[in-house]
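Accompanying notes for the structure given below.
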Amino acid sequence: MKNFLFVSAENDALADCKAGGMADVVRDVPRQLAATGDQVHVIVPAYNRLHKKGRLITELKFNIRGEETVAELYEVNPKKEYSGITHYVIHHPEIVEGNIAHIYNDDPEEPFFTDTVKYFIFNTAVAQAIKQNIFDHIDVVHLHDWHTALLLFHKRFHQDFTVLKQSWFVYSIHNLSLQGIRPLNNNFASLNNFFPEVGYEYDIVKDDRYYDCINLMAVGIRLADEVHTVSPSYMQDIMKPSHKPEFIGGESLEEDLKRAFAEGRLHGILNGVNYQNMRVAQKGKLYPNVLRQLFKWIQEESKKYKADILANTGEKVVDLIENPPSFVVSSVARMTEQKFYFFKQKPEALKEILRKLEARNGIFILLGTGEPEYETLMREISYEHPNFIFINGQSEDIIDSIYLESDLYFMPSLFEPCGISQMLAMRNGVLCLVHHTGGLIDTVNSGVNGFSFKGEYIDETISNMVASFDTCMSVYFEDRPKWNKMRRKAKAVRFSWENSVKEYYSKLYSY
């Protein structure tokens, strides 16, 4: 039996601890490991809120910025109990709640400033918990994205945490574009300010573009025993240099990744989804679920745009109950460049799609939160087009209904490490229209179980996106037998965690 520790910024096994697909992975993989008889501990930051109903396990004392500080480790209850899995959060006054999904912070003037502060403290507290043997001997520590890479820095360089050398470290890359780059010196959120007593090798921590900075994503790639990307195609993509905006590749880390691949340390393993014990939405509840959530949101003091939520979105949804659409297109995603660059680059393309939908009595439902400029764009377009329903929030009930009741799921990602949304839609027999990139290549077979588009340059890609949307509607309205056959094929595909985790054991956890 192995003893695992999963360290992450998100964990959807806990209520209100999800911003993206990484949270799904951190929820599901431990369940699959525990099903084989292994023991799993999962730990995330408390963000000044997740610990409040937890049970205090111990205090954790360690040094940051040249002086002692104290964090608290809590055991917390998950949304669903599974034998063999224990969930923890770490509370510290500087591990603050973020403005993105109540987790991450958006620091436009100094990117990663606030997040680096809290994850520096979180990682050091985790290292101290391991040192205090809170989890018994850990065989495998599985880290997720730049937020947890500092543990590898501590393992290699920190004299207080030599115990970390006793464990095998796996590092998963969920999104290479977010790298956690911060100054080495002369800044509150700098490496040397937080750990002035730790000597380190500059070449291991440096960012290859900004020589006075640490790149935490690079630290993870350079120091982990095994490195993992969440799809085979994305692994191939990131070993090539980026040519923005047409191609998003290694983002300056391609040489590190190629080196890891040559050393046998880099593996592309496709994420999975659950096909048992999953949340099941009730048919016909999409619009009532939206309205129910809207009324909850307008009662929240912190919720912005209350009048917009009620007068714009709410009024549209009431009308849909009385006058159901003939075709429902949907997207669920963070409002970011990765997910909606094509719309931001050419808003007229989205407007053209909406006009095409209107001609067919169709609607487009988009749910998500994220970067202010993307939220503003979507809100403004929703004012212009009655058939564009922009739901600026997060709700599991709405999301589950969207995956069940949509006719077409739209995923125009500029790049996509894996994508889980398309798998969840396909699980319900909903066809997807996706950009032919990254993990979407590994999951959607255009013309067989879905649709895809691509282009040599951005304008061509956007033009092909609109043309492919036309194709989708033509098949739906004019060749329903073909549509239904494709739906059956989409629903029959299995992206199971059982298969993925078998690969984890053979490629990541074998030492």
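Keep in mind that what you see is a predicted model, and the values were worked out from it rather than measured. We're numbering straight along the sequence, starting at 1. These values consider heavy atoms only, across backbone and side chains, with no hydrogens, waters or symmetry-generated copies.
- Asn445 places no side-chain N or O within donor-acceptor distance of the main-chain N or O of Val448, the cut-off being under 3.5 Å.
- Judged by the 6.0 Å distance and 45° axis criteria, Arg480 is positioned over the aromatic ring of Tyr476.
- Contact check for Phe410 versus Ile353: side-chain heavy atoms found under the 4.5 Å cut-off.
- Contact annotation: the side chain of Leu5 never approaches that of Val42 to less than 4.5 Å [non-hydrogen atoms, C-beta and beyond].
- More than 12 heavy atoms of other residues, nucleotides or ligands shown are found within 6.0 angstrom of CD on Glu384.
- Donor-acceptor pairing under 3.5 Å is lacking for the side chains of Gln422 and Glu416.
- A donor-acceptor pair under 3.5 Å is formed between the side chain of Glu375 and the backbone N or O of Gly370.
- Taking each heavy atom of Ser242 and Glu251 in turn, the nearest pair found is OG-OE1, 2.7 Å.
- Contact of the Leu50 side chain with the Val76 side chain is not registered, since no non-hydrogen atoms from C-beta on lie closer than 4.5 Å.
- Note that the OG1 atom of Thr437 and the CZ atom of Phe453 stand 9.5 Å from one another [nearest 0.5 Å].
- In this structure a side-chain-to-backbone donor-acceptor pair under 3.5 Å is present from Lys118 to Val96.
- Taking the six-membered ring for Trp and the full ring otherwise, Phe112 and Trp146 have centroids separated by under 6.0 Å.
- Annotation: cation-pi geometry not satisfied between Lys356 and Phe469 (NZ/CZ under 6.0 angstrom from ring centroid, within 45° of ring axis).
- For the pair Lys285 and Asp397, the salt-bridge criterion is not met [side-chain N within less than 4.0 Å of a carboxylate O].
- Using a 4.0 Å cut-off between charged side-chain N and carboxylate O, Asp459 and Lys346 make no salt bridge.
- Ring pair Phe388/Phe364: centre-to-centre distance below 6.0 Å.
- Annotation: the span from Ser330 atom OG to Ile398 atom CD1 amounts to 12.0 Å, rounded to 0.5 Å.
- For the pair Arg427 and Tyr403, the NZ or CZ position fails the cation-pi test of under 6.0 Å to the six-membered ring centre and within 45 degrees of the ring normal.
- Side-chain contact check for Tyr409 and Ser331: no donor-acceptor pair (N or O, by modelled atom type) lies under 3.5 Å.
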**Candidate pair Arg31 and Lys80, rule side-chain contact (heavy atoms from CB on, under 4.5 Å), full reasoning** = CA-CA 10 Å; Arg31 293 177 181 178; Lys80 201 170 191 179; 4.2 Å; yes
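- Side-chain contact annotation: Arg487 with Asn484, donor-acceptor N/O pair under 3.5 Å absent.
- Atom-to-atom distance recorded for Leu350:CG and Gln345:CD is 14.0 Å, nearest 0.5 angstrom.
- Across Ala149 and Tyr171, no two heavy atoms sit closer than the pair CB-CE1, 4.0 Å.
- Between Tyr275 and Trp497, the distance separating the two ring centers is not shorter than 6.0 angstrom.
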**Request:** Carefully, step by step, assess Gln179 and Leu253 under the rule side-chain contact (heavy atoms from CB on, under 4.5 Å).
**Result:** CA-CA 10 Å; Gln179 298 182 1; Leu253 297 177; 3.6 Å; yes
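- With Asp145 contributing its side chain and His147 its backbone, the two residues share no donor-acceptor pair below 3.5 Å.
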**Message:** One pair to check against side-chain contact (heavy atoms from CB on, under 4.5 Å): Glu348 and Phe343. What are the steps and the verdict?
**Reply:** CA-CA 8 Å; Glu348 183 57 34; Phe343 292 171; over 6 Å; no
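- The minimum heavy-atom distance between Met411 and Gly419, with the atom names listed, is CE-CA, 3.9 Å.
- The six-membered or imidazole ring of His267 lies away from that of Tyr504, with a centre-to-centre distance of 6.0 Å or more.
- Side-chain N/O atoms of Asn387 and Glu358 include no donor and acceptor closer than 3.5 Å.
- In this structure, Ile85 and Ala34 approach most closely via the heavy-atom pair CG1-CB, 3.7 Å.
- Gln39 places a side-chain N or O within 3.5 Å of a backbone atom of Gly84 that can act as its donor or acceptor partner.
- With rounding to the nearest 0.5 Å, the separation of NZ in Lys482 from OG in Ser474 is 10.0 Å.
- A distance-only check finds no donor-acceptor pair linking the side chain of Gln282 to the backbone of Ser401 [under 3.5 Å].
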**Request:** Take Lys351 and Ile381 through the side-chain contact (heavy atoms from CB on, under 4.5 Å) test and state the conclusion after the steps.
**Result:** CA-CA 8 Å; Lys351 294 176 185 180; Ile381 294 176; 4.0 Å; yes
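- With a 4.5 Å cut-off on side-chain heavy atoms, Met473 and Phe327 count as touching.
- Checking side-chain atoms of Ser500 against main-chain N and O of Leu270 turns up a donor-acceptor pair under 3.5 Å.
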**Request:** Test His41 against Tyr88 for side chain to side chain donor-acceptor pair (under 3.5 Å), laying out the working first.
**Result:** CA-CA 7 Å; His41 309 268; Tyr88 305 89; 3.3 Å; yes
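- Between Lys18 and Gln394, every side-chain heavy-atom pair lies at or beyond the 4.5 Å cut-off.
- Residues Val170 and Lys507 have side chains not in contact (no heavy-atom distance under 4.5 Å, counting atoms from C-beta outward).
- The closest side-chain heavy-atom distance from Leu408 to Cys432 is not below 4.5 Å.
- In this structure the side chain of Thr114 never reaches within 4.5 angstrom of the side chain of Tyr104, judged on heavy atoms.
- The CG atom of Leu176 sits 4.5 Å away from atom OH of Tyr234, with the distance rounded to the nearest 0.5 Å.
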**Message:** Checking Lys79 against Glu396 for the salt bridge (charged side-chain N to carboxylate O under 4.0 Å, His left out) test, could you report, in this order, the C-alpha distance in whole Å, the side-chain angles of both residues, the deciding distance, and whether it holds?
**Reply:** CA-CA 13 Å; Lys79 291 185 283 187; Glu396 281 190 87; 3.3 Å; yes
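- In this structure, the side chain of Thr229 engages the main chain of Ser231 through a donor-acceptor pair within 3.5 Å.
- Salt-bridge formation is detected for the pair Arg27/Asp24: a Lys NZ or Arg NE/NH1/NH2 atom is positioned less than 4.0 Å from an Asp or Glu carboxylate oxygen.
- A salt bridge links Glu97 to Arg49: one of the charged nitrogens lies within less than 4.0 Å of a carboxylate oxygen.
- Contact record, Ser452 with Ser468: O-OG, 3.6 Å, taken as the closest heavy-atom pair.
- Annotation: Phe6 is in aromatic contact with His144 [ring centroid separation under 6.0 Å].
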**Candidate pair Asp38 and Tyr505, rule side chain to side chain donor-acceptor pair (under 3.5 Å), full reasoning** = CA-CA 11 Å; Asp38 285 333; Tyr505 275 112; 2.6 Å; yes
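- Listed for the Asn271 side chain is no donor-acceptor partner under 3.5 Å among the backbone atoms of Cys418.
- Here the OG atom belonging to Ser382 is positioned 11.0 Å from the CD1 atom belonging to Ile391, to the nearest 0.5 angstrom.
- Contact detail for Asn105 and Asp115: the closest heavy-atom pair is N-OD1, 3.1 Å.
- The local environment of CZ in Phe113 is crowded, with over 12 non-hydrogen atoms from other residues, nucleotides or ligands closer than 6.0 Å.
- Under 3.5 Å, the side chains of Asn11 and His87 contain a donor-acceptor pair of N or O atoms.
- Checked against the 6.0 Å centroid criterion, the rings of His435 and Phe342 qualify as a close aromatic pair.
- Side-chain atoms of Ser446 never come within 3.5 Å of backbone atoms of Phe451 as a donor-acceptor pair (strictly under, hydrogens ignored).
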